[in-house]
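Sequence lines set the chain letters: A, B, ... in the order given, protein chains first and strands last, and positions in each chain run from 1.
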Amino acid sequence: MSERFDPQQADIRWQRAWDERQCFRADDASDKPRSYVLEMFPYPSGRIHIGHVRNYTMGDVLARYKRMRGHKVLHPMGWDAFGMPAENAAMEKGVHPGGWTRENIANMKAQLQRLGFALDWSRELATCDPEYYGHEQALFLKLYEAGLVYRKESSVNWDPVDETVLANEQVIDGRGWRSGALVEKRKLSQWFLKITEFADELLEGLSGLENWPDKVRLMQENWIGKSQGLQFRFDLSNGEAVEVYTTRPDTIFGASFVAVAAEHPIAQGVAERSPEAQAFIETCRAGGTTAAELETAAKLGFDTGITARHPFTGADLPVYIANFVLMDYGTGAIMAVPGHDQRDFEFATKYALPIPRVVAANADEACKPFAGEAESGDGVIVNSDFLDGKSVDEAKAEVISRAEGGGWGQGRTVWRLRDWGVSRQRYWGTPIPFIHCADCGVVPVPEDRLPVVLPEDVDFQTPGNPLVRHPVWKHTDCPKCGGAAERETDTLDTFVDSSWYFLRFASQPADRPFDPDTIAKWLPVEQYIGGIEHAILHLLYARFWTRALARVGLIDVKEPFASLFTQGMVTHETYERRNPQNGQTIYFSPGEVDRSGEAASLKDDGQPVEIGRVVKMSKSKKNVVDPDEIVATYGADAIRWFMLSDSPPERDLPWSEAGIEGCGRFVQRLWRLFARYDASASGEDKALDRKRDQTVAAVAEDIEALSFNKAVARIYELASAIEKAEPSASRSAAIRAMLLLVAPMMPHLAEEGWAAMGGEGLVAEAAWPEVDPALLVDDEVTIAIQVKGKLRDTLTVAKGMSKDELEALALASDKVQRALDGAEVRKVIVVPDRLVNLVA
RNA sequence: GCGGACGUGGCGGAAUGGUAGACGCAGGGGACUUAAAAUCCCUUGAGCCUUGCUCGUGCGGGUUCGAGUCCCGCCGUCCGCACCA
């Protein structure tokens with residue numbers, strides 16, 4: 001064996017060997033137990049980000065481990081290839097989105113392959129392939145036939161200068177990110193998927209997802225937002241009526257005004273007669289459209305002069321147009337109860353409206369003033385006529401039943417979840433397969449005319465959607481009447497593409513999206529791994545598509561991901577200086593900075609730079625490192641090892657130069673350790689045998705729990721134990737076991753060592769080491785001896801010693817006697833094999 | 001604003017309610033070397049009256065023989081919010 005392990009040679013050699021043997025091809029037909037390991041597929045931005053390396057390393061370790069445990073493994077990779085960055089590149093650099101994307105894919109694929117991931121590349125797909133999106137169009141039409149697709153008016157962010165629809169992230173302080181023009185809301189007829197029809201199912205289904213993080217289930221539950229409440233009618237002073245929805249009918253006597261959204265018909269009606277109201281609505285429209293902006297904006301209102309008659313008291317309540325009322329939720333109008341809702345409280349304070357108390361801790365506190373904020377907690381109803389003294393729940397039921405009895409309202413379940421708008425007024429996406437005919441209306445493209453393929457010859461130098469401007473593409477004939485007609489020019493949200501790719505990975509016939517029998521052989525995904533940022537949207541949409549496809553009979557799976565893991569981000573220090581002229585922060589990349597010991601200085605001028613916070617790697621802060629450079633310096637195994645070390649995988653991982661150097665050193669240390677392997681060594685080292693099998697068992701558990709950082713720590717311990725041991729058959733066995741333990745994590749090193757030790761075939765096809773259960777239990781344990789809960793001594797005793805013996809041994813300890821200092825022992829707590837606590 | 005998480009040495013972190021700080025990084029000391037790199041060994045929470053003692057898991061309370069872990073109340077940081085992927 002040579003002195004040093006040379007990753008640059010070894011990595012490539014073994015990657016070739018795996019490729020030649022097709023080691024990682026998933027075999028549909030095998031009757032081994034199955035494992036579908038999937039990481040969220042990347043957007044082909046051009047370069048692999050270190051976060052990808054972390055994500056795919058985790059999946060790779062699991063996939064390789066499962067294969068060692070005798071499973072057939074499906075571990076595929078593909079590209080979430082549609083989306084805005086390609087169009088931005090087209091506008092900025094004059095390149096074609098398709099060409100740009102395919103070039104990026106080729107680059108990133110090479111980068112992934114250089115990292116040695118055990119992927120089945122034969123199943124690679126890109127969502128921008130007509131083959132893929134053609135099947136997607138077919139599925140979309142199936143959902144249309146099932147009544148799950150419809151069109152309705154919906155507003156978008158319109159940039160009047162660029163003549164384009166903007167995504168929320170492209171709107172900055174109410175202005176278009178490129179043009180700087182004030183963004184308008186514009187109503188368009190758009191395509192929607194009826195996810196709300198599955199709201200109950202998606203909510204119920206969460207309880208079965210035991211291997212999902214609780215936090216993700218909770219976030220989805222809140223997102224779906226089931227609420228039981230009362231919808232009822234206020235008669236208005238102008239002869240009209242307004243329907244409001246409230247989740248707190250128990251507080252109805254605390255209502256002091258009524259508020260409607262700016263888009264509400266009542267508000268629109270008032271605006272027709274009042275220029276001031278019109279102006280107010282305009283102000284609301286100018287504000288941001290996102291929920292966060294709406295809800296953090298200062299509460300603003302406009303008194304319409306209309307009043308609403310309270311159904312119980314007959315009081316006249318003022319009706320306001322308010323910027324914090326959402327048109328999309330409930331009825332777009334609310335009864336405002338300032339005492340018990342914080343938003344209403346702020347509004348009432350601002351406009352000097354009454355803030356009555358109708359819930360109190362007890363009846364004696366019926367007149368207690370509010371401490372500067374609303375009280376939304378539980379309590380007893382006060383100041384509410386017939387509701388006085390009732391609990392919140394009793395009062396809710398009572399009010400609903402009276403409203404229903406009186407015919408002016410009824411109990412209603414309302415969901416926060418809204419239908420999914422999938423229309424995008426963009427080129428680089430899946431064309432929505434419909435045709436608009438003047439005579440026949442909106443007509444689906446017949447299946448035999450799919451796919452509807454994007455035109456290649458498009459121009460991004462003029463504003464607007466290239467599909468709309470294209471000279472011929474949209475002109476076609478109506479499938480029904482044969483007359484001249486136009487194609488739909490909207491494309492699908494890219495979340496649609498990622499809502500079924502895991503099915504296509506499992507089965508990819510040419511003539512259909514997938515084959516249900518093959519799907520049944522792989523799905524559900526055993527382990528799905530990706531970023532927490534997808535906790536709600538992507539994961540909810542994918543769950544919805546799976547259920548929708550099951551409903552139309554295409555598959556027999558309801559939940560796509562049996563187990564979900566959300567990994568943390570990779571972070572890095574920032575290096576910065578403040579520009580004294582304008583106070584702006586200038587960032588420097590790690591490559592520009594000399595970072596030794598406590599301080600950091602700029603290589604260029606030798607002057608210090610400030611070490612900023614450790615934050616998510618981003619181009620704007622320049623705190624990024626390039627995986628390629630790391631691989632070129634340290635090899636694939638070192639970067640993989642870094643990704644698994646130290647930080648728990650669900651938490652952020654701070655990148656550091658020192659850390660990767662340490663990983664590089666450990667690769668070499670293991671190599672030297674493998675060099676000590678001696679098949680002919682004899683002699684037994686019982687303690688090492690024990691350590692070996694305990695480590696093998698623990699690492700297996702850790703990998704299955706994705707606790708890679710713990711597995712790494714145990715591997716370090718075993719390495720130290722082997723290094724300290726004298727040559728023996730036990731030591732050689734431990735070295736061999738060590739090699740197999742690290743094989744999923746550092747596969748190139750493992751192959752190289754395996755070959756050097758004279759192992760059969762490839763480690764990639766080897767089995768996980770067996771353990772002797774008898775070796776897993778220690779025969780001695782260390783017992784903590786406490787006096788009054790404080791540690792005073794430890795004793796090493798035979799495992800399983802009786803309570804009485806332990807107590808006697810504890811009392812016999814000098815240290816214990818000194819700590820007791822003659823005090824009488826009143827109580828003794830003995831936990832066998834753990835501790836003795838003497839309470840004086 | 002609403003929803004979700006997180007908080008332990010200089011740093012990343014470990015710890016079924018039972019010995020806080022495993023393991024790694026960084027630091028200090030030493031060996032080897034003409035020297036360096038590499039490697040190996042020792043050491044490293046703070047304080048003190050140093051055979052040992054006291055304090056110590058964001059802050060303040062509580063439950064318990066015993067709390068990093070459970071409960072209540074704060075503070076701080078981060079993530080998501082429906083057209084970014």
Legend entry - rG68(B) versus rG13(B) - spacing of their C1' atoms, nearest Å: 13 Å
Inset, instruction - Using the C1' atoms only, state how far rG12(B) lies from rG61(B), rounded to an integer number of Å. - result: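 Each nucleotide's C1' atom is 31 Å from the other's.
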Legend entry - Thr782(A) vs rU19(B): side-chain N/O to OP1/OP2 distance below 4.0 Å: no
Legend entry - N/O (side chain, Arg424(A)) to phosphate O (OP1/OP2, rC83(B)) under 4.0 Å: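 For Arg424(A), the contact criterion (side-chain N or O under 4.0 Å from OP1 or OP2 of rC83(B)) is met.
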Inset, instruction - State which of rC83(B), rA85(B), rU39(B) makes the closest approach to the side chain of Ala167(A). - result: rC83(B)
Inset, instruction - Determine which pairs satisfy side chain to side chain donor-acceptor pair (under 3.5 Å) with at least one residue from residues 651-662 of chain A, sequence neighbours left out, and list them in order. - result: none
Inset, instruction - Searching all strands shown, indicate the nucleotide that pairs with rG3(B) (Watson-Crick or G-U wobble; both distances under 3.5 Å). - result: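 Pairing partner, where one exists within any strand: rC79(B).
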Inset, instruction - Nearest 0.5 Å please: distance from the SG atom of Cys663(A) over to the CD1 atom of Ile630(A). - result: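 Cys663(A) SG to Ile630(A) CD1: 10.5 Å, rounded to 0.5 Å.
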Legend entry - Pairwise distance CG(Leu218(A)) to CH2(Trp223(A)) - rounded to 0.5 angstrom: 14.0 Å
Grab the N/O contacts between the protein and nucleotides 65-73 of chain B below 3.5 Å, and write none if there aren't any.
unit_1: rC65(B); atom_1: O2; unit_2: Asn837(A); atom_2: ND2; d: 2.5

Legend entry - Polar pair under 3.5 Å, donor/acceptor by atom type, side chain Glu723(A), base rC40(B): no
Using the 3.5 Å cut-off, write out each protein N or O paired with an N or O of nucleotides 13-17 of chain B and the distance between them.
unit_1: rA14(B); atom_1: OP1; unit_2: Asn709(A); atom_2: ND2; d: 3.2
unit_1: rA15(B); atom_1: OP1; unit_2: Lys710(A); atom_2: NZ; d: 2.8
unit_1: rU16(B); atom_1: O4; unit_2: Arg834(A); atom_2: NE; d: 3.3

